[in-house]
Protein chains: 2
Amino acid sequence: MEKGQVTIRDIALKLNISISTVSRALRGMADVNADTKKRVLEMARELNYEPNQIAQSLRSNRTNTIGIIVPDVQVHFFSSIVSGIQKVASKVNYNVLFCQSGESYQTELNNLKALIASRVDGLLISLSRETEDIEHLLRVQQKNIPLVLFDRISDDIDTSKVDVSDTDGAFKAVKYLIDTECRRIAYLAGPKNLTISNKRMEGYLHALRAAGITPDEELIVHCNSLKEDAAGATAQLLSLNNKPDALFCVNDPVAIQAIQVIKKHNLKIPEDISIIGFTDDPVSALIEPALTTVAQPSHEMGQCAAKLLIDQIKGYDGTSRTVTLDTKLVLRNTTKLLNP
Amino acid sequence: MEKGQVTIRDIALKLNISISTVSRALRGMADVNADTKKRVLEMARELNYEPNQIAQSLRSNRTNTIGIIVPDVQVHFFSSIVSGIQKVASKVNYNVLFCQSGESYQTELNNLKALIASRVDGLLISLSRETEDIEHLLRVQQKNIPLVLFDRISDDIDTSKVDVSDTDGAFKAVKYLIDTECRRIAYLAGPKNLTISNKRMEGYLHALRAAGITPDEELIVHCNSLKEDAAGATAQLLSLNNKPDALFCVNDPVAIQAIQVIKKHNLKIPEDISIIGFTDDPVSALIEPALTTVAQPSHEMGQCAAKLLIDQIKGYDGTSRTVTLDTKLVLRNTTKLLNP
DNA sequence: ATGAAAGCGCTAACAG
DNA sequence: CTGTTAGCGCTTTCAT
């Protein structure tokens, strides 16, 4: 066995039959003598034979492998998506080639190159924060490689996409704040070019206007590198003459930062100031006070994206479509109770 | 381009030269006419050529791909390891095929089969909780596929391994509890067959004995399915006539469960009862009180395992060795301060 | 029911 | 410097 892995040739030689017969027997094709077939299968097991998928792929031009690129799998939201993808894929015998862009456009490019070279049957991508130009995605399409974008999607390309109802989620959150008597509601936003941040802003503005509240520029603050700036941005809001009485945050980490700062200022949550986040990170239920947040179905998102892609690969569905999953407002202790 | 991806043959035809020349030019081999080479490279770019790694792999018998199996990537500890692995691998142009066992032995077996069929150059595995028999790993070795185990390792196989100093970490934790005047220290253990849980128990016992404290069977409670049973186990300890004054927990999720229960019993942490966890999950710093815990360098663990494997693949090092990474006691607010 | 042979895309002798 | 050829392991005609 020193010569590496066992091949159908080894089996054929041992049994003194041709490799085509072995191949046929192994795949359970109809026109093989029952006895031959039995002997082949036995020998295969005895020699611990595993089919060489590389050879199969070269022949069939299909690898049964899909590629994923996410910014950073250490972020729970993404690991949950990746988990969903992998489970769906493995159920239908697809392998998953896994890459991280680390929020770098250049790395995303390199990842993509590697995945294309590996001849993945399809691609699942959540764009890096740096990515603005999507030329590389167009090149994927030219090569007829099925592509599904998720979460960090782009409007500049016509392909299948999975996202969540950001705008509606934000609307529901801000509406709840208004319904619980908050009037000066601030938005702790993400970078100005981040699509999801802008969509959430839309929902925020829409909810304010629907309640007859005029948005105040002063109350919208952008954090450039999400985590780091959040504390500063919060401090800035708290130093206003006319302080906010609620904070809607672009995501949970920002909200958690905000909570820390607010606590230091000795303000009571939610009596003095209410807070709502976005994502429903597992941490959010455990901190104190437990964070009210707009939950995104991350695991489901992964599953949905994977299904969409595999359907496309198998040619069940050639049209590109966008699936928008629902968000849900999870009420916890950083918001006041609704008076019935 | 309807015919799928571009091959060196397409380039050769367009340029009216042989495919071997194209192959040589593409790989920048010395003995190619500078002009020919230039024309090949230009044409390659023009046609958007990407080398077919499948074909290369079949020829070279190397895929430049490593396989990972982890129980569940949604657990931060594992996603952090996976992240470390992927970064190291991509730096040296290795792809990562990613699988999850979901703590199921059967799924682990299936994953392994798929990865072997994909002819990965090496394997990185953290065993499922169900896995007791390691026959499948021996078969991997018979096939001469380099294998590195990490975190959930097995003593029954001679291969490279990466783990952390569980015993020493536990010792440090329990010693700290003793040094801060705790005397009745309980151990909230994991399943009885879980290696890491047992190693941590050793450290626990060792620290007690070193301080002249006789271990009390009553104070060692096993949780079978880590998360679910923790609450019950804690309640059980609190109902003892002679209650514990400290809790050493097999991991952070268990510790966090314990904290909830203790709070409900209106006991003060750490005044009435101290708690120490294991892992340093990101949550642990954010809960209240912030959890004192034994930190495991998860990201580093991934990097280390990947390096070990790749060295082995490249034949730099054929011997199997075990790397034990250091743990660190991170003091937070579930333990008392040390009196100087 | 089985075998022989071609070919998937690429690399590596071996010739020229 | 370049072309020809064989072959990696497998599937699939096409014969027999």
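Bear in mind the structure is a predicted one, so any value in this text is a computation, not a measurement. Naming convention: chains lettered A, B, ... in sequence-line order (proteins, then strands); numbering from 1 in each chain.
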Looking at every strand, decide which applies to B:Asp31 at a 4.0 Å heavy-atom threshold: base, sugar-phosphate, or nothing.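 Result for B:Asp31 = base.
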Margin query: By the 4.0 Å heavy-atom rule, please label A:Ile17 as base, sugar-phosphate, or nothing.
Written below: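 It contacts sugar-phosphate atoms only.
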Task: B:Ala30 vs A:Thr7, nearer the 5' end of DNA chain D by closest nucleotide - done: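 The residue whose closest nucleotide sits nearer the 5' end is B:Ala30.
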>> Expected output is a numbered-order residue list: members of residues 36-45 of chain B with a heavy atom under 4.0 Å from any atom of DNA chain D. What is it?
In response: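 Here the set is B:Thr36.
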A side-chain contact here means heavy atoms from C-beta on lying under 4.5 Å apart; do [X] and [Y] qualify?
X	Y	answer
A:Gln296	A:Leu325	no
A:Ile68	A:Leu97	no
A:Ile8	A:Tyr49	yes
A:Val148	A:Val162	yes

*In terms of the angle between their ring planes, are A:His136 and A:Tyr105 parallel, tilted or perpendicular, with boundaries placed at 30° and 60°?*
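Rings of A:His136 and A:Tyr105: perpendicular, as their planes differ by over 60°.
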- Message: Using whole Å, what does the distance between atom P of nucleotide D:dT11 and atom CD1 of A:Ile11 come to?
- Response: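 It is 11 Å, rounded to the nearest whole Å.
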* Should B:Ser18 be listed as having a side-chain N or O under 4.0 Å from OP1 or OP2 of D:dT2? ->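 For B:Ser18, the contact criterion (side-chain N or O under 4.0 Å from OP1 or OP2 of D:dT2) is not met.
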Select one nucleotide: of D:dG3, D:dT11, C:dT2, the one nearest the side-chain heavy atoms of A:Ile8.
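So the nucleotide nearest the side chain must be D:dT11.
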- Query: To the nearest 10 degrees, how far apart in direction are the end axes of the helix from C:dA1-D:dT16 to C:dG16-D:dC1, each fit to five base pairs?
  - Reply: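 Inter-axis angle at the ends, rounded: 50°.
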| task | Using a strict 4.0 Å threshold on nitrogen-to-oxygen distance, state whether A:Glu103 and A:Arg152 make a salt bridge. | result |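 Result for this pair is yes, salt bridge flagged.
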Set out, line by line, the N/O atom pairs under 3.5 Å between protein and nucleotides 12-16 of chain D.
from   : atom 1 : to      : atom 2 : distance (Å)
D:dT12 : OP2    : A:Arg27 : NH1    : 2.9

Exercise for review: Kindly indicate, with the supporting measurements, whether the criterion side chain to side chain contact (heavy atoms under 4.5 Å, CB included) is fulfilled by A:Val323 and A:Met301.
Suggested key: CA-CA 9 Å; A:Val323 176; A:Met301 186 174 221; over 6 Å; no
Next on the checklist: Reading DNA chain C from 5' onward, which residue's closest nucleotide shows up sooner: A:Val32 or A:Leu58?
Outcome noted: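 Nearest-nucleotide comparison on DNA chain C picks A:Val32.
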Assess, by modelled atom type and distance only, whether the side chains of B:Gln53 and B:Asn64 contain a donor and an acceptor separated by less than 3.5 Å.
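Short answer, no.
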| Would you say B:Lys87 has more than 12 foreign heavy atoms packed within less than 6.0 Å of its NZ? |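 More than 12 heavy atoms, drawn from other residues, nucleotides or ligands, come within 6.0 Å of this atom.
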Worksheet item: At their closest point, which heavy atom of B:Ile54 faces which heavy atom of A:Leu58, and how far apart are they?
Response: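 Scanning both residues completely, I find the closest heavy atoms to be CG2-N, 3.7 Å.
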